[in-house]
Peer 1: 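First the structure, which I've put down as structure tokens, then a few questions once you've had a look.
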Number of protein chains: 2
Amino acid sequence: MKAPRQADVARLAGVSQSAVSRVVSGDIDRIPEETQERIRAAVKELGYVPNAAARNLRNKRNRLLGVHTFESVFPHAREDFYFEFLLGIEERAEEIGYDLVLFTSTGTSDGRRRIYRDGTNRLNLADGTVLLGAATDREELARLWHDGYLFVHIGRREVAGAEIPCIIPDYVSAADSLVASLAERGHRHFAYLRSGIEQEAYADRRAGYRNAIERLGLHDRSPGYRGEPELTEEWLDELAAGPETAVVAENIGLAEQLRTGLAARGLSIPADVSVAVLEGSGDEPGHRWDCLVIPRKEIGRIAIDALVARVENPDAEPVSQLVACDLVAGETVAAPRVEE
Amino acid sequence: MKAPRQADVARLAGVSQSAVSRVVSGDIDRIPEETQERIRAAVKELGYVPNAAARNLRNKRNRLLGVHTFESVFPHAREDFYFEFLLGIEERAEEIGYDLVLFTSTGTSDGRRRIYRDGTNRLNLADGTVLLGAATDREELARLWHDGYLFVHIGRREVAGAEIPCIIPDYVSAADSLVASLAERGHRHFAYLRSGIEQEAYADRRAGYRNAIERLGLHDRSPGYRGEPELTEEWLDELAAGPETAVVAENIGLAEQLRTGLAARGLSIPADVSVAVLEGSGDEPGHRWDCLVIPRKEIGRIAIDALVARVENPDAEPVSQLVACDLVAGETVAAPRVEE
DNA sequence: TTGAAAGCGTTACCAG
DNA sequence: CTGGTAACGCTTTCAA
């Protein structure tokens with residue numbers, strides 16, 4: 001009842017083991033029909049199935065791609081953060097005939113997941129891995145890169161001394177276009193609502209915003225623009241009294257706070273102030289914000305393609321890719337109120 | 001830049017390869033502290049990481065569990081069918097330190113997934129696999145079993161000549177209790193709404209229902225009870241005129257049809273007829289049906305445990321397990337109307 | 001056309 | 001306590 005090996009097949013078919021190997025792996029150019037038949041018959045009779053581990057050891061290939069998140073996938077999938085990425089990843093992997101390993105084993109007690117644990121890197125089970133995470137651990141990323149491990153990261157992540165190949169939502173352009181479209185509607189005076197988060201994704205938004213403001217000769221005197229993540233009562237007073245007609249917020253939470261603050265001052269969105277958000281708002285309750293949407297599923301697919309390109313051609317340079325975000329219209333942007 | 005092997009470490013540390021192997025894999029009982037130190041230093045210096053494929057070949061173990069669905073996981077995950085199972089599977093796998101392989105590579109053009117493709121069974125990449133599917137292919141199941149492959153199936157699945165280890169929602173008891181609770185409320189005359197589906201899960205519901213009806217001396221003269229999946233106008237007329245006060249439906253769809261049919265006859269649920277459903281209703285819109293709920297997440301966890309038990313002790317007999325379902329009260333069951 | 005044999009990187013058994 | 005050495009199952013080169 002033990003799993004048969006090629007040797008067993010060979011014996012039964014009365015050929016050599018290498019002949020079996022050739023037939024099984026499709027390298028049949030120089031093997032007579034008749035021999036092939038016999039081998040295939042023996043394979044069937046014995047129920048022979050190639051041993052994956054041995055193949056991997058030989059071939060250094062698995063057709064196995066890893067997916068590593070620094071936190072557990074599914075609970076969050078619900079919340080839509082990983083979910084759409086996974087959708088694309090699975091879809092594309094299926095199309096091109098790769099299996100997926102979910103690295104779950106590396107969970108630590110605090111719910112975080114590590115790549116390296118007692119010196120072992122489970123990731124090398126796979127031919128390459130897609131890393132995705134809000135919570136990416138930079139040290140591990142650096143080590144992984146220095147170890148020459150094959151991976152791509154979803155989302156931009158800078159690590160000194162390493163050139164991480166990333167699939168990056170193009171927040172720079174998205175923020176820029178958002179401002180441009182507001183400007184087209186006639187807005188001249190802007191304010192920027194900055195969160196406390198310091199991460200590449202936010203740096204990108206800020207860069208794009210600043211670009212557009214400067215390029216188009218617009219005005220912004222908000223603390224957010226200067227680099228302070230403040231949404232104070234004082235500033236709200238200033239905003240209410242000032243020339244600003246448009247506000248760009250880094251996330252929905254800030255936008256909601258703004259709405260509340262404005263309402264308290266008798267101002268409404270978008271009648272008095274237009275607001276756009278640099279984050280997808282999904283199908284949240286309440287008003288539908290004008291915002292950007294990250295093509296998560298597409299990014300998942302692209303990540304797989306980028307990874308596989310490298311797996312199948314290890315000499316290829318690891319390169320990062322920008323993926324355009326769409327802007328979607330909501331109900332929170334209008335033309336500026338006419339100033340006398 | 002090539003990945004270092006144990007041999008390299010051994011050379012650098014000036015010891016034998018087997019010493020390295022021992023230290024790396026924690027079998028250090030009989031190796032002097034001092035030697036260990038040297039080896040560990042060499043490991044770190046070289047950035048040595050054990051090769052998974054080689055280990056697997058040797059050990060016949062991966063700490064890798066497969067998950068195979070006969071259709072793609074994620075799209076459906078959304079629809080809540082696989083999702084909750086996956087939640088439990090991931091959670092438990094993480095707890096006990098196993099990784100998960102998602103077998104996606106086996107997709108065929110029609111969206112179905114096969115286990116065996118041109119003779120190769122990718123599943124043997126994993127130490128064992130959880131199969132889950134509404135759409136399980138019985139032939140493949142049988143072959144898998146005959147090949148002696150280690151797996152468990154979520155949901156009951158009978159295959160002639162094979163004893164498939166399954167994790168089974170206990171529909172028999174659930175249906176029985178459902179009827180019993182209806183009987184306790186005073187219902188004596190029942191009707192059963194049967195779907196056209198012929199599958200173990202439905203056979204179980206029917207068995208449980210029949211049990212309870214007979215055991216409790218209740219009455220049912222419906223076509224569904226006799227084995228005909230009919231919900232015709234004629235029968236609705238009979239129902240409206242007859243003594244039945246309670247209807248048990250195999251699924252929500254049938255229950256909804258029933259509601260419509262009854263409404264057309266001036267009858268309402270639960271005032272005139274009580275209705276309970278042998279399927280979880282989740283958070284669907286409309287009335288909340290009295291129904292059962294399958295503890296999907298728990299089943300996922302149990303499946304992993306059952307699988308791992310076998311992986312870690314292959315001599316263990318493959319056994320199936322029943323998992324109790326809860327009954328949840330909705331708004332569609334009441335005491336029977338009083339028949340003078 | 002076929003087959004023998006040399007690895008792939010580890011582990012584990014046994015002599016030293 | 002240590003270090004050869006023989007597998008593990010497969011692929012591929014090289015000779016016959």
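Every chain is numbered from 1 and lettered A, B, ... according to where its sequence line falls, protein lines coming before strand lines.
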Peer 1: State which of D:dC10, C:dG3, C:dT10 makes the closest approach to the side chain of B:Pro50.
Peer 2: C:dT10

Peer 1: C:dT2, D:dC10, C:dT11: which one has an atom nearest the side-chain heavy atoms of A:Pro32?
Peer 2: C:dT2

Peer 1: Would you mind reading off the distance between A:Gln6 atom CD and D:dC8 atom P, rounded to a whole angstrom?
Peer 2: 14 Å

Peer 1: Within a strict 4.5 Å, meaning less than it, do heavy atoms of the A:Val23 and A:Ile31 side chains meet?
Peer 2: yes

Peer 1: What's the CD1-P distance between A:Ile31 and C:dT1, to the nearest Å?
Peer 2: 10 Å

Peer 1: Donor-acceptor pair, B:Asp137 side chain versus B:Glu139 backbone, under 3.5 Å?
Peer 2: yes

Peer 1: Once you round it to whole Å, what is the distance between C1' of D:dC10 and CG of A:Asn56?
Peer 2: 10 Å

Peer 1: Could you tell me how far apart B:Leu125 (CG) and D:dG9 (C1') are, to the nearest whole angstrom?
Peer 2: 14 Å

Peer 1: C:dG7 base to A:Arg58 side chain: any donor-acceptor pair below 3.5 Å?
Peer 2: yes

Peer 1: Could you state the NZ-C1' distance from B:Lys60 to C:dA12, rounded to the nearest angstrom?
Peer 2: 14 Å

Peer 1: Indicate yes or no: at least one non-hydrogen side-chain atom of A:Leu125 is less than 4.5 angstrom from one of B:Asn56.
Peer 2: yes

Peer 1: With hydrogens left out and only the distance checked, is there a donor-acceptor pair under 3.5 Å joining A:Ser21's side chain and the base of D:dG9?
Peer 2: no

Peer 1: Using heavy-atom distances to pick each residue's nearest nucleotide on DNA chain D, tell me which of B:Val15 and A:Val24 is more 5'.
Peer 2: B:Val15

Peer 1: Does B:Asp99 reach the main-chain N or O of B:Leu64 with its side chain, forming a donor-acceptor pair under 3.5 Å?
Peer 2: no

Peer 1: Take the protein atom CG of B:Asp27 and the nucleotide atom P of C:dT11, then report the distance between them rounded to whole Å.
Peer 2: 10 Å

Peer 1: Round to a whole Å and report the spacing from CD of B:Gln17 to P of C:dC8.
Peer 2: 11 Å

Peer 1: Can you give me the bend angle of the helix from C:dT1-D:dA16 to C:dG16-D:dC1? Use the axis through the first five pairs and the one through the last five, nearest 10 degrees.
Peer 2: 50°

Peer 1: Of the non-hydrogen atoms in B:Tyr149 and B:Arg310, which two are nearest, and what is the gap between them?
Peer 2: O-NH2, 4.5 Å

Peer 1: Has the side chain of A:Asp127 got a donor or acceptor atom that lies under 3.5 Å from a matching backbone atom of A:Asn62?
Peer 2: yes

Peer 1: Give a yes or no on whether A:Glu37 atom CD has more than 12 heavy-atom contacts from other residues, nucleotides or ligands under 6.0 Å away.
Peer 2: yes

Peer 1: Would you indicate, yes or no, if C:dT11 has its OP1 or OP2 atom less than 4.0 angstrom from a side-chain nitrogen or oxygen of B:Ser18?
Peer 2: no

Peer 1: Please determine whether any donor N or O and acceptor N or O are separated by less than 3.5 Å between the side chain of A:Arg22 and the base of D:dT13.
Peer 2: yes

Peer 1: For B:Leu57 and D:dA6, what is the distance between atoms CG and P respectively, to the nearest whole Å?
Peer 2: 17 Å

